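Input: a single structure, listed below in structure tokens.
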Amino acid sequence: SNSGTKAKEDLVAATHAVECIPYRYKGSCKNGTEVEVLVISSQKVRGKGMMSPKGGWELDESVEEVAHRESLEEAGVLGSLEGELGTWSYKSKSHDTIYEGCMFSLLVEEQLDRRRMYNKGYG
């Protein structure tokens with residue numbers, strides 16, 4: 001419906017980025033106390049530190065779909081979203097506007113190697 005499309009457009013206008021924090025439990029069981037958090041380096045700002053997978057989305061995607069897609073495209077991992085961690089505000093580099101992003105945690109279930117990522121069209 002037009003009202004549904006308008007609501008989605010309003011959400012996209014308010015939230016311009018989705019970030020995902022991929023993690024896994026060290027070892028073979030979930031009862032372990034050690035957690036590994038996956039971070040990636042930015043190709044745009046080499047040597048400027050680490051970041052987590054994030055990006056914008058298309059009107060036909062949900063924020064959850066974006067979190068899954070960005071985790072696969074940027075980090076090569078598949079998993080289950082554990083929930084929304086919250087939101088953050090950031091200033092656009094090209095506009096004098098403050099935008100909002102939302103962040104999710106993702107329990108990593110599979111880490112793809114470069115060959116499998118290439119075959120899926122990522123890499």
Side-chain angles (χ1 to χ4, degrees):
S1 76
N2 287 342
S3 63
T5 302
K6 176 70 172 123
K8 179 68 175 185
E9 288 171 353
D10 290 345
L11 177 61
V12 170
T15 307
H16 280 262
V18 176
E19 185 168 3
C20 196
I21 309 296
Y23 74 95
R24 66 182 173 195
Y25 294 96
K26 192 170 182 179
S28 61
C29 73
K30 233 180 167 177
N31 298 331
T33 56
E34 292 187 54
V35 173
E36 296 176 320
V37 176
L38 177 65
V39 293
I40 59 175
S41 59
S42 171
Q43 292 181 351
K44 293 180 182 177
V45 287
R46 289 199 188 279
K48 300 286 185 180
M50 307 305 279
M51 56 188 273
S52 54
K54 68 175 167 279
W57 72 84
E58 305 298 323
L59 286 177
D60 63 343
E61 290 181 299
S62 69
V63 291
E64 293 84 3
E65 288 170 326
V66 177
H68 279 288
R69 178 175 50 78
E70 292 297 332
S71 294
L72 177 60
E73 288 177 358
E74 295 186 4
V77 294
L78 301 170
S80 301
L81 288 179
E82 299 282 293
E84 187 175 335
L85 299 174
T87 60
W88 81 97
S89 297
Y90 64 97
K91 185 175 180 180
S92 168
K93 293 177 185 173
S94 58
H95 302 93
D96 191 26
T97 305
I98 303 293
Y99 294 114
E100 185 175 278
C102 59
M103 184 180 298
F104 291 88
S105 60
L106 179 122
L107 177 59
V108 174
E109 296 168 349
E110 184 178 3
Q111 186 171 355
L112 303 179
D113 61 26
R114 287 189 177 274
R115 183 180 63 250
R116 287 183 61 206
M117 284 183 67
Y118 181 78
N119 290 338
K120 288 183 175 285
Y122 306 110

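As the structure is a prediction and not an experimental result, all values here were calculated from the model.
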Exercise for the section: Could you list the residues that satisfy salt bridge (Lys or Arg N to Asp or Glu O under 4.0 Å) with E64, not counting sequence neighbours? Expected result: none
Practice task
State, yes or no, whether a side-chain contact exists between L107 and Y23 at a heavy-atom distance under 4.5 Å.
Solution key: yes
Completion exercise
Rounding to 0.5 Å, atoms CE (M103) and OG1 (T87) come to a distance of 9.0 Å
Practice task
Examine distances only and state if a side-chain atom of E70 and a backbone atom of E19 form a donor-acceptor pair shorter than 3.5 Å.
Solution key: no
Practice task
With side chain to side chain contact (heavy atoms under 4.5 Å, CB included) as the test, would you mind laying out the steps for L112 and L72 before giving the verdict?
Solution key: CA-CA 8 Å; L112 303 179; L72 177 60; 3.3 Å; yes
Practice task
Taking the side chain as every heavy atom from C-beta outward, state whether L78 and E109 have any atom pair closer than 4.5 Å.
Solution key: no
Problem - Heavy-atom pair of closest approach, residues K54 and W88 - result: CD-CZ2, 4.4 Å
Fill in the blank from the handout: dist I21:CD1 -> E82:CD (nearest 0.5 Å) comes out at 13.0 Å
Problem - From L81 atom CG to S71 atom OG, the distance as rounded to the nearest 0.5 Å - result: 7.5 Å
Handout entry: Minimum-distance pair of heavy atoms, taken over all atoms of V66 and G56
Key = CG1-O, 3.6 Å
Problem - Least distance between heavy atoms, P22 atom then V108 atom - result: CB-CG2, 3.7 Å
Practice task
Compare every heavy atom of L38 with every heavy atom of A75, then report the nearest pair and how far apart it is.
Solution key: CB-CD2, 3.4 Å
Practice task
Output the distance between atom SG (C20) and atom NE2 (H68), rounded to the nearest 0.5 Å.
Solution key: 7.5 Å
Handout entry: Interatomic spacing from OG in S62 to CZ in R69 - rounded to 0.5 Å
Key = 10.5 Å
